[in-house]
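Below is one structure; the comments refer to it alone.
Any value given below was found using the heavy atoms of this structure, including those in side chains, with hydrogens, waters and symmetry copies removed.
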Amino acid sequence: MSRAFVKEDDGERGNTVADIQFREAKVEWLKIQEKKLDTLLNDPKSKKIKPETLARWIKETEADIAKTKKELGYEG
């Protein structure tokens with residue numbers, strides 16, 4: 001396609017759309033991780049998990065939530 005028909009800001013617009021989609025994916029990931037943490041902490045079925053494994057999963061999930069919130073600028 002000839003450059004005469006391409007707007008100069010198409011690349012910038014594409015980057016903005018990608019940034020928005022990336023952020024939306026991060027927000028969705030955060031919701032999933034928060035729900036996972038709630039389940040690990042409160043679901044009676046989680047009591048069937050070995051205590052060491054449950055503690056590790058809780059710690060990893062809390063760390064991922066904190067990291068994701070920081071990436072989103074929720075905490076800082």
Q) How many angstroms lie between CG in L37 and CD1 in I58, if you round to the nearest 0.5 Å? A) 6.5 Å
**Q.** Pairwise distance NZ(K47) to CG(L40) - rounded to 0.5 angstrom
**A.** 9.5 Å
Q.
Applying salt bridge (charged side-chain N to carboxylate O under 4.0 Å, His left out), can you list everything that pairs with K67, at least two apart in sequence or on another chain?
A. E71
**Q.** Minimal non-hydrogen separation, K26 against T68, with atom names
**A.** O-CG2, 3.7 Å
Q: Quick one: pull up CD1 in I20 and CG in N15 and give me the separation to the nearest 0.5 Å.
A: 11.0 Å
Q: Applying salt bridge (charged side-chain N to carboxylate O under 4.0 Å, His left out), name anything that partners R23, two or more places apart in sequence or on another chain.
A: none
Q. Does the distance from a Lys or Arg side-chain N to an Asp or Glu carboxylate O, for R56 and E60, drop under 4.0 Å?
A. yes
Q: Mind listing the closest non-hydrogen atom pair of Q33 and D64 along with its distance?
A: NE2-OD2, 3.0 Å
Q) What's the shortest heavy-atom distance between S46 and L54, and which atoms? A) O-CD2, 3.7 Å
Q.
I need the L72 CG to F22 CZ distance, nearest 0.5 Å.
A. 8.0 Å
**Q.** Euclidean distance, D43 CG relative to K48 NZ, rounded to 0.5 Å
**A.** 9.5 Å
Q: Start with the C-alpha distance between K35 and K31, add both sets of side-chain angles, then the distance that settles side-chain contact (heavy atoms from CB on, under 4.5 Å), and finish with yes or no.
A: CA-CA 6 Å; K35 184 175 180 179; K31 289 177 187 176; over 6 Å; no
Q: Following the transitive rule for hydrophobic clusters with a side-chain heavy-atom cut-off under 4.5 Å over Ile, Leu, Val, Met, Phe, Trp and Tyr, establish whether W29 and Y74 coincide in one cluster.
A: no
Q. Hey, any chance L41 and W57 share a hydrophobic cluster, counting ILVMFWY side chains that come within less than 4.5 Å of each other, even indirectly?
A. yes
